[in-house]
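Report on one structure; see the data block that follows.
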There are 2 protein chains.
Amino acid sequence: MRIGELADRVGTTTRALRYYESRGLLPARRDGNGHRTYGEADVRLLEQIRTLQDFGFELEETRPFVECLRSGHPAGDACPASVAVYRRKLGELDALIGELTAVRAEVGAQLARAEQAMAGLAADAQAPGGPEPRCELSDAADATDVTDVAGLTDVAGLTDVRGVRG
Amino acid sequence: MRIGELADRVGTTTRALRYYESRGLLPARRDGNGHRTYGEADVRLLEQIRTLQDFGFELEETRPFVECLRSGHPAGDACPASVAVYRRKLGELDALIGELTAVRAEVGAQLARAEQAMAGLAADAQAPGGPEPRCELSDAADATDVTDVAGLTDVAGLTDVRGVRG
DNA sequence: GTAGGCCTTGACGTCGGCGTCAAGGCCAGA
DNA sequence: TCTGGCCTTGACGCCGACGTCAAGGCCTAC
């Protein structure tokens with residue numbers, strides 16, 4: 001099987017496959033014309049890579065799984081190194097979900113306050129009264145400060161909830 | 001106040017300020033030497049930008065808030081455009097948190113399976129028996145497929161849970 | 001013969017938000 | 001006067017995972 005066919009079968013591009021090869025993840029044999037040649041085992045390796053990427057794993061993090069498969073194991077996660085990556089990911093996911101949940105709450109609160117303030121202004125326009133209450137973004141933001149937790153390097157390509165500034 | 005002082009006061013860098021200016025977010029007056037000059041109002045604008053960035057807003061998304069403040073409103077979110085950004089963000093956050101939660105569950109399940117399989121292998125080593133059960137990553141991954149939902153362009157700098165491939 | 005389709009390597013482009021030089025100007029204090 | 005510190009603009013670097021274009025080779029069908 002040549003590169004185009006493999007890419008089609010797994011639903012990716014030839015460019016991606018060459019990229020993986022350049023990273024040493026998915027080496028290929030060559031035929032007489034210098035064309036890359038792949039077998040069924042490579043389909044499995046590639047599927048493993050793609051599945052993990054869909055979960056948001058970085059390419060480097062898929063390496064243990066790929067090597068595990070290549071060393072003859074029936075599954076990519078049948079090796080300690082792979083399991084370790086799973087564990088790390090879980091931790092990152094939990095941290096990230098926690099941060100996002102905190103941010104969500106904060107933004108939700110700001111939205112509610114802003115809407116209330118605007119409603120108040122509208123009401124004032126109807127029946128003029130006193131001035132409006134402040135509605136600056138709370139300093140809780142600094143406390144909640146959704147900061148790059150524990151080297152959360154793209155948990156799912158979705159990290160980077162802002163790094164420490166200063 | 002000059003650029004260095006402003007940066008210090010808000011806890012950012014002169015580079016960032018010049019960048020914001022290049023984006024038209026934080027224009028500055030100049031003194032006789034061509035040096036940038038800022039006032040207290042600029043401190044508030046910059047704080048608004050930084051607070052939102054901490055929440056994971058993209059720079060462009062802070063623009064309505066900044067313009068709102070500059071147009072004389074007491075708060076950056078006292079304008080409809082700002083409120084609209086809040087709403088959009090909430091939706092993106094909810095979607096992202098949902099995706100991450102699904103991924104977390106999936107990865108957690110895989111981890112459990114992998115650990116159980118390895119424990120089984122260890123047990124077999126002790127008391128040899130039958131072969132091991134499969135433990136490939138489930139196809140649920142394709143269903144759950146954490147894919148770029150609704151143009152989730154960096155909800156918090158944390159988007160990109162993988163775009164559609166193909 | 002030639003058009004089409006697959007393959008090859010090489011290399012620059014993308015996106016965001018700056019970091020990090022480089023080369024130089026202006027001003028204050030010792 | 002010289003050193004140090006602040007400022008200026010310009011421009012390349014970074015990161016990840018490729019997209020995309022360029023220039024060319026091989027093979028096949030018509």
Side-chain angles (χ1 to χ4, degrees), chain A residues 1-26 28-38 46 49-50 52-63 147-148 151-166, chain B residues 1-26 28-38 46 49-50 52-63 147-148 151-166:
Chain A
M1 171 172 30
R2 291 190 298 178
I3 195 169
E5 189 183 342
L6 176 57
D8 284 348
R9 281 186 55 177
V10 180
T12 184
T13 66
T14 61
R15 182 67 183 88
L17 299 197
R18 293 199 191 93
Y19 179 64
Y20 298 158
E21 183 176 345
S22 79
R23 304 282 94 191
L25 261 183
L26 193 65
R29 276 143 287 157
R30 302 299 182 115
D31 67 11
N33 294 323
H35 292 177
R36 289 173 178 80
T37 304
Y38 302 91
L46 186 48
I49 293 172
R50 285 269 123 187
L52 293 176
Q53 289 241 91
D54 280 345
F55 281 163
F57 285 48
E58 289 179 7
L59 212 46
E60 261 324 297
E61 296 176 318
T62 71
R63 196 180 294 276
T147 290
D148 195 15
L152 235 192
T153 310
D154 258 83
V155 173
L158 23 69
T159 311
D160 214 14
V161 189
R162 196 111 271 265
V164 181
R165 32 170 178 153
Chain B
M1 171 175 24
R2 290 190 298 178
I3 194 168
E5 190 184 340
L6 176 56
D8 284 349
R9 280 187 54 178
V10 180
T12 183
T13 65
T14 61
R15 183 68 184 89
L17 299 197
R18 293 199 189 93
Y19 179 64
Y20 298 159
E21 183 175 345
S22 79
R23 303 283 93 190
L25 261 182
L26 193 65
R29 274 143 289 157
R30 302 299 181 115
D31 67 12
N33 294 323
H35 292 179
R36 292 172 177 79
T37 304
Y38 303 90
L46 186 49
I49 293 172
R50 286 270 123 187
L52 293 176
Q53 289 240 91
D54 280 344
F55 281 164
F57 285 47
E58 289 181 6
L59 212 47
E60 261 323 297
E61 296 176 319
T62 71
R63 195 180 296 275
T147 291
D148 197 13
L152 234 191
T153 309
D154 258 84
V155 173
L158 23 70
T159 310
D160 214 15
V161 189
R162 196 111 270 265
V164 181
R165 29 168 179 158

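Predicted, not measured: the structure shown is a model, and the values here were computed from it. All heavy atoms count here, side chains included; hydrogens, waters and symmetry mates do not. To find a chain, count down the sequence lines: A is the first, B the second, and so on, and within it residues start at 1.
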Starting at [atom1] of [X], measure out to [atom2] of [Y] and round the result to the nearest 0.5 Å.
X       : Y       : atom1 : atom2 : answer
A:Glu58 : A:Leu52 : CD    : CG    : 12.5 Å
A:Leu59 : A:Gln53 : CG    : CD    : 5.0 Å
A:Leu26 : A:Ile49 : CG    : CD1   : 5.0 Å
A:Ile3  : A:Thr14 : CD1   : OG1   : 5.0 Å
B:Thr12 : B:Tyr19 : OG1   : OH    : 12.5 Å

Roughly, in whole Å, what's the span from [atom1] in [X] to [atom2] in [N]?
X       : N      : atom1 : atom2 : value
B:Tyr19 : C:dG19 : OH    : C1'   : 13 Å
B:Asp8  : D:dC6  : CG    : C1'   : 12 Å
B:Glu21 : C:dC18 : CD    : C1'   : 15 Å
A:Asp54 : D:dA17 : CG    : P     : 13 Å
A:Glu61 : D:dA17 : CD    : P     : 9 Å
A:Glu58 : D:dC18 : CD    : C1'   : 14 Å
B:Glu60 : C:dC18 : CD    : P     : 13 Å
B:Phe57 : C:dG17 : CZ    : P     : 13 Å

Would you say a side-chain N or O of [X] is under 4.0 Å from OP1 or OP2 of [N]?
X       : N      : result
A:Tyr20 : D:dC18 : yes
B:Thr13 : C:dC18 : no
A:Gln53 : D:dG16 : no

Open item on the list: Side chains of A:Leu17 and A:Glu21, heavy atoms from C-beta outward: is any pair under 4.5 Å?
Closed with: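 A:Leu17 vs A:Glu21: side chains apart.
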TODO: Indicate yes or no: at least one non-hydrogen side-chain atom of A:Tyr20 is less than 4.5 angstrom from one of A:Leu46.
DONE: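 SC-SC contact between A:Tyr20 and A:Leu46 confirmed.
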Open item on the list: Please convert DNA chain D into dot-bracket. A pair counts if it is Watson-Crick or G-U wobble with both distances under 3.5 Å; crossing pairs go in [ ] and bases paired with another strand get |.
Closed with: ||||||||||||||||||||||||||||||
Task: Those residues that, when tested against B:Glu60, pass side chain to side chain donor-acceptor pair (under 3.5 Å) (two or more places apart) - done: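 Partners of B:Glu60 by the side chain to side chain donor-acceptor pair (under 3.5 Å) criterion, ordered by chain and then number, come out as B:Arg63.
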Open item on the list: Is there a side chain to side chain contact (heavy atoms under 4.5 Å, CB included) between A:His35 and A:Arg30? Walk through the geometry before answering.
Closed with: CA-CA 5 Å; A:His35 292 177; A:Arg30 302 299 182 115; over 6 Å; no
TODO: Any chance you could list the contact pattern along nucleotides 6-13 of chain C? Use B for base contacts, S for sugar-phosphate-only contacts and - for none, protein heavy atoms under 4.0 Å, 5' to 3'.
DONE: -SBB-B--
